[in-house]
Protein chains: 2
Amino acid sequence: MSRLRGSVTIDDVARHVGVAKGTVSRVLNNYTDISDETRKRILKAVKDLGYQPSATARNLKRGRQDTLGIIIPVGHGNGADPFLSEFIDGIARALDELDLDLLVTTAHSREHMIESLERLIARRKVDGFIVTRTEVNDPRIAYLQERNFPFVAHGRTANPSGYAWYDIDNEAAFAEGVRHIYSLGHERIGLVGGTLELNFARQRREGYRQGLKDLGVKHDPDLETIQTVSEKGGILGAEELLALDQPPTALLCATDALAIGAVQYCRKIGLKAGADVTVIGYDGLPVGEYLDPPLTTFSQSAQEAGGRVARMLTDILDGKSPTSLQELSKADLIRRASDGAPAKTPAALATALRERLKDQPYSGNKGE
Amino acid sequence: MSRLRGSVTIDDVARHVGVAKGTVSRVLNNYTDISDETRKRILKAVKDLGYQPSATARNLKRGRQDTLGIIIPVGHGNGADPFLSEFIDGIARALDELDLDLLVTTAHSREHMIESLERLIARRKVDGFIVTRTEVNDPRIAYLQERNFPFVAHGRTANPSGYAWYDIDNEAAFAEGVRHIYSLGHERIGLVGGTLELNFARQRREGYRQGLKDLGVKHDPDLETIQTVSEKGGILGAEELLALDQPPTALLCATDALAIGAVQYCRKIGLKAGADVTVIGYDGLPVGEYLDPPLTTFSQSAQEAGGRVARMLTDILDGKSPTSLQELSKADLIRRASDGAPAKTPAALATALRERLKDQPYSGNKGE
DNA sequence: CGGAGCACCAAAACCGATTTTGTTGACTTA
DNA sequence: TAAGTCAACAAAATCGGTTTTGGTGCTCCG
């Protein structure tokens with residue numbers, strides 16, 4: 001009965017009922033100038049024949065695709081960003097309700113991203129884009145703005161005006177992080193930051209500095225390190241900061257991935273996160289709950305963010321002004337167990353570390 | 001210069017050159033009955049005007065979308081499956097080279113999945129599907145087979161004939177896992193399995209049993225537990241097995257998520273994975289490397305699998321027979337540090353456990 | 001009673017490509 | 001030299017919808 005390619009078309013329905021195909025279309029699109037009787041007959045035929053309009057044909061005429069695009073950055077083989085997969089999940093859920101679809105593409109470089117944008121726009125495969133992991137000067141946003149193509153950014157740029165965005169108040173979160181750590185009794189607080197092209201990394205560093213300033217703690221540049229946003233970066237960052245003469249007793253990390261690496265490094269050199277060193281991450285990744293110790297972090301519900309961003313984009317497509325759609329949300333501190341009062345003074349920590357590192361100098365992250 | 005909606009069409013190009021639009025199309029599609037001179041002029045105009053054909057219009061005529069679909073199952077708020085995000089990454093990378101796109105949808109129930117399939121097929125938004133996490137009797141596969149719609153499954157079903165699939169030899173892997181654990185000196189080996197609707201869960205259990213049989217170890221049904229595939233399930237599974245009078249000294253887990261939960265439970269009751277209890281997972285999740293202890297697991301490179309599956313699907317769309325596309329791959333044991341020789345006999349372990357549990361009965365997985 | 005107004009729907013145009021069919025002039029070939 | 005062949009393109013049909021334009025018959029109204 002259900003031959004594949006010979007899908008039932010609007011002509012089949014029209015013929016079956018004995019009306020013009022335009023009439024069928026009008027019924028399906030809720031026009032009012034159709035008699036009740038005809039409407040019923042058509043609706044019945046639609047149901048009987050199992051007719052569903054072809055998205056392609058409809059889109060051709062309407063000039064819309066009912067599809068949103070997202071381009072996710074990927075490194076070289078180092079796996080997907082766990083934050084992004086949650087984010088996509090959130091988007092997809094929201095779109096399901098709105099009856100839209102999501103086109104996912106990956107890009108391995110900045111240039112490749114722009115290429116992909118161009119391609120998808122030129123071929124008219126999507127109506128709008130969701131841009132993630134914004135950079136301070138983001139070429140994607142510049143491109144989309146110039147082309148005047150609808151999009152919503154998750155995260156801001158250096159100049160966050162003129163386009164729609166959804167972001168977390170990164171400054172506030174990290175200022176709070178500093179305050180929290182300080183209240184636990186820490187005086188030397190380190191920052192394992194992310195590369196500064198990433199806007200959120202810059203903002204979190206700003207929040208870190210502001211937090212210190214608010215507390216009247218002198219800012220020591222040595223306590224800041226910048227690393228690529230990955231577990232590996234976290235290892236390197238922790239190693240660098242803990243090797244200081246006056247090491248920090250707490251590490252505030254720009255992302256959970258960095259924090260996971262930092263915790264791993266601590267473990268490696270015989271330090272217990274949460275007891276000997278406080279480590280705090282950011283992202284609220286589910287897996288953080290199952291680490292040892294469970295990771296204290298900031299949650300920003302990637303899923304919720306995805307849903308929110310998707311809805312903002314559909315608002316834009318419905319004609320809303322992008323500038324009216326700028327939303328700043330708050331991140332919540334989720335206390336688990338990787339933070340605590342400092343066990344040692346920085347000086348004591350330093351001598352203890354020197355002892356330990358003599359015995360077992362750190363060498364990569366392989367098992368022994 | 002670049003007005004958005006007024007994208008340049010094939011008519012613009014034709015007019016610009018002074019030929020019929022059909023001629024432009026023929027040039028772009030490499031027909032031979034065009035003079036070299038005309039071809040050059042048209043190509044130049046295409047470049048000058050920056051013309052790119054509308055995917056929609058092309059698809060309408062051709063009946064193809066150059067888009068593949070994937071429907072990912074999601075639970076209720078418990079986050080994305082990390083395995084799937086890697087998998088999608090692999091697919092997207094492969095499709096990038098093939099100049100195809102990927103449409104991602106989520107579904108929260110079995111019915112919803114079929115609905116989504118129906119919708120995407122009826123509206124002709126995709127040319128084929130990739131089906132993941134196959135079940136023993138998978139309604140999606142049944143549906144797609146019945147509709148005769150192109151698809152490739154990642155994983156098999158009870159009757160894996162008549163369609164294209166890519167799978168890991170789950171039996172072999174788990175038999176090897178048992179062999180490995182046994183060679184470390186363990187005699188009582190537990191299985192934390194996944195729900196048996198999932199085909200891979202069933203196969204891995206089969207491999208576990210076969211492995212024991214090969215070694216001449218008597219199969220004790222008490223040593224098997226079935227849990228939902230999540231960290232939570234891992235906690236429950238470990239709790240159940242370790243509470244036995246004769247508890248296992250090693251836990252073979254159907255997925256990394258289960259293993260992560262199992263490790264967490266061990267930690268909670270004062271047991272160290274890798275030393276006191278051996279825990280082995282399956283999936284090769286990157287995060288496993290940063291756990292304490294780093295997780296011993298089976299790798300099946302989700303990324304590679306994604307790429308492979310995508311290419312198989314395009315082969316089918318190019319006319320290859322699905323039945324000729326069935327590929328069984330091998331999983332590799334990645335030894336990290338969650339496995340090791342048993343520290344205690346099962347009996348000794350049991351008494352030690354009874355001691356510990358008296359003091360601090362386990363109660364959920366919240367921080368203290 | 002003639003024309004305006006309306007309800008209802010048929011017919012045709014259109015979206016932007018691909019593909020089929022037709023046409024023209026030059027060149028063979030018998 | 002008339003008929004046939006072929007290269008090279010124009011013109012039209014087509015894909016499956018949406019939207020615009022055009023009737024038709026009926027009612028209403030001055």
Side-chain angles (χ1 to χ4, degrees), chain A residues 3-43 45-46 49-67 99 119 121-125 127, chain B residues 3-43 45-46 49-67 99 119 121-125 127:
Chain A
R3 290 140 304 120
L4 176 55
R5 296 300 170 195
S7 235
V8 26
T9 77
I10 199 172
D11 276 312
D12 298 330
V13 177
R15 211 170 4 247
H16 190 260
V17 183
V19 297
K21 64 174 178 175
T23 307
V24 176
S25 175
R26 300 173 77 71
V27 166
L28 262 18
N29 291 289
N30 293 317
Y31 281 64
T32 52
D33 60 347
I34 307 282
S35 75
D36 251 21
E37 203 256 326
T38 309
R39 176 185 306 276
K40 254 179 218 141
R41 276 170 53 220
I42 291 180
L43 253 22
V46 164
L49 299 179
Y51 168 73
Q52 287 226 46
S54 149
T56 315
R58 159 180 295 177
N59 294 339
L60 177 56
K61 179 65 188 181
R62 284 211 182 141
R64 286 197 349 194
Q65 312 307 128
D66 293 337
T67 302
D99 222 12
R119 192 174 60 86
I121 293 178
R123 301 204 180 159
R124 278 139 284 182
K125 293 205 76 160
D127 298 323
Chain B
R3 288 140 306 122
L4 175 56
R5 296 300 170 193
S7 235
V8 27
T9 78
I10 200 171
D11 275 312
D12 298 330
V13 177
R15 211 170 5 246
H16 190 261
V17 182
V19 297
K21 65 174 177 175
T23 308
V24 176
S25 176
R26 301 173 77 71
V27 167
L28 262 18
N29 289 290
N30 295 317
Y31 281 65
T32 52
D33 60 347
I34 307 283
S35 75
D36 251 22
E37 204 256 328
T38 308
R39 175 184 304 277
K40 254 179 217 139
R41 278 171 51 222
I42 290 181
L43 254 21
V46 165
L49 299 180
Y51 168 73
Q52 286 226 46
S54 150
T56 316
R58 159 178 296 175
N59 294 340
L60 176 56
K61 181 63 190 179
R62 283 206 183 146
R64 285 194 349 194
Q65 312 307 127
D66 293 336
T67 302
D99 223 14
R119 192 174 59 87
I121 293 178
R123 301 205 180 159
R124 277 140 284 183
K125 293 204 75 157
D127 299 322

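Given the structure is predicted, the values throughout are model-derived calculations rather than measurements. Lettering of chains follows the sequences in order, A, B, ..., and the numbering in each one begins at 1.
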Subject >> Under 4.0 angstrom between A:S35 side-chain N/O and C:dC9 OP1 or OP2 >> reply: yes
Original post:
Among the nucleotides C:dC9, D:dG16, C:dG16, which one has an atom lying closest to any side-chain atom of B:A57?
Top reply: C:dG16
**OP:** Select base, sugar-phosphate, or nothing to describe what B:V24 touches, counting heavy atoms under 4.0 Å on all strands.
**Re:** nothing
Original post:
Would you say A:L43 and A:V27 make side-chain contact, with heavy atoms under 4.5 Å?
Top reply: yes
Original post:
Between D:dA12 atom P and B:I10 atom CD1, what is the distance in whole Å?
Top reply: 17 Å
Original post:
Taking CG from B:D33 and C1' from D:dT5, how many angstroms apart are they, rounded to a whole number?
Top reply: 15 Å
Subject >> Nearest-angstrom distance from the residue atom CD of B:E37 to P of D:dA7 >> reply: 18 Å
Original post:
Looking at the side chain of B:S25, which of D:dC9, D:dT18, C:dT18 is the nearest nucleotide?
Top reply: C:dT18
Original post:
What does B:N29 touch in the nucleic acid at a heavy-atom separation under 4.0 angstrom: a base, only the sugar-phosphate, or nothing?
Top reply: sugar-phosphate
Original post:
Atom CZ of B:R64 to atom P of D:dT14: distance rounded to whole Å?
Top reply: 22 Å
Original post:
Looking only at side-chain N and O atoms, does A:Y31 come under 4.0 Å of OP1 or OP2 in D:dT19?
Top reply: yes
Original post:
From D:dT18, C:dA17, C:dT20, pick the nucleotide closest to the side chain of B:R26?
Top reply: C:dT20
Subject >> Which nucleotide in C:dT20, C:dT18, D:dG16 has an atom nearest any side-chain atom of A:S54 >> reply: D:dG16
**OP:** Please report, rounded to the nearest Å, how far the P atom of C:dA17 is from the CG atom of B:N59.
**Re:** 11 Å
Original post:
Out of C:dA11, D:dG17, D:dT19, which nucleotide sits closest to the side chain of A:K21?
Top reply: D:dG17
Subject >> Protein-nucleotide distance (A:R15, atom CZ; C:dC9, atom P), rounded to Å >> reply: 19 Å
**OP:** Send over the distance from A:L49 CG to D:dG17 P, rounded to a whole Å.
**Re:** 12 Å
Original post:
How close do A:L60 and B:T56 get, heavy atom to heavy atom, and via which atoms?
Top reply: N-CG2, 3.5 Å
Original post:
Just checking B:T38: base, sugar-phosphate only, or nothing, at a heavy-atom cut-off of under 4.0 Å?
Top reply: sugar-phosphate
Original post:
Does A:T9 reach the side chain of A:D12, with side-chain heavy atoms less than 4.5 Å apart?
Top reply: yes
**OP:** Please tell me which of A:L28 and B:R62 maps to the more 5' nucleotide of DNA chain D, matching each residue to the nucleotide holding its nearest heavy atom.
**Re:** B:R62
**OP:** Would you mind telling me which of D:dA11, C:dT20, C:dG16 lies closest to the side-chain atoms of B:L60?
**Re:** C:dG16
Subject >> Length of the CZ-C1' vector between B:R58 and C:dC15, whole Å >> reply: 16 Å
Original post:
Would you call B:D66 and B:D99 a side-chain contact if the rule is heavy atoms closer than 4.5 Å?
Top reply: no
**OP:** Could you pull out the closest heavy-atom pair between A:R41 and A:V17, with the gap in Å?
**Re:** NH2-O, 2.9 Å
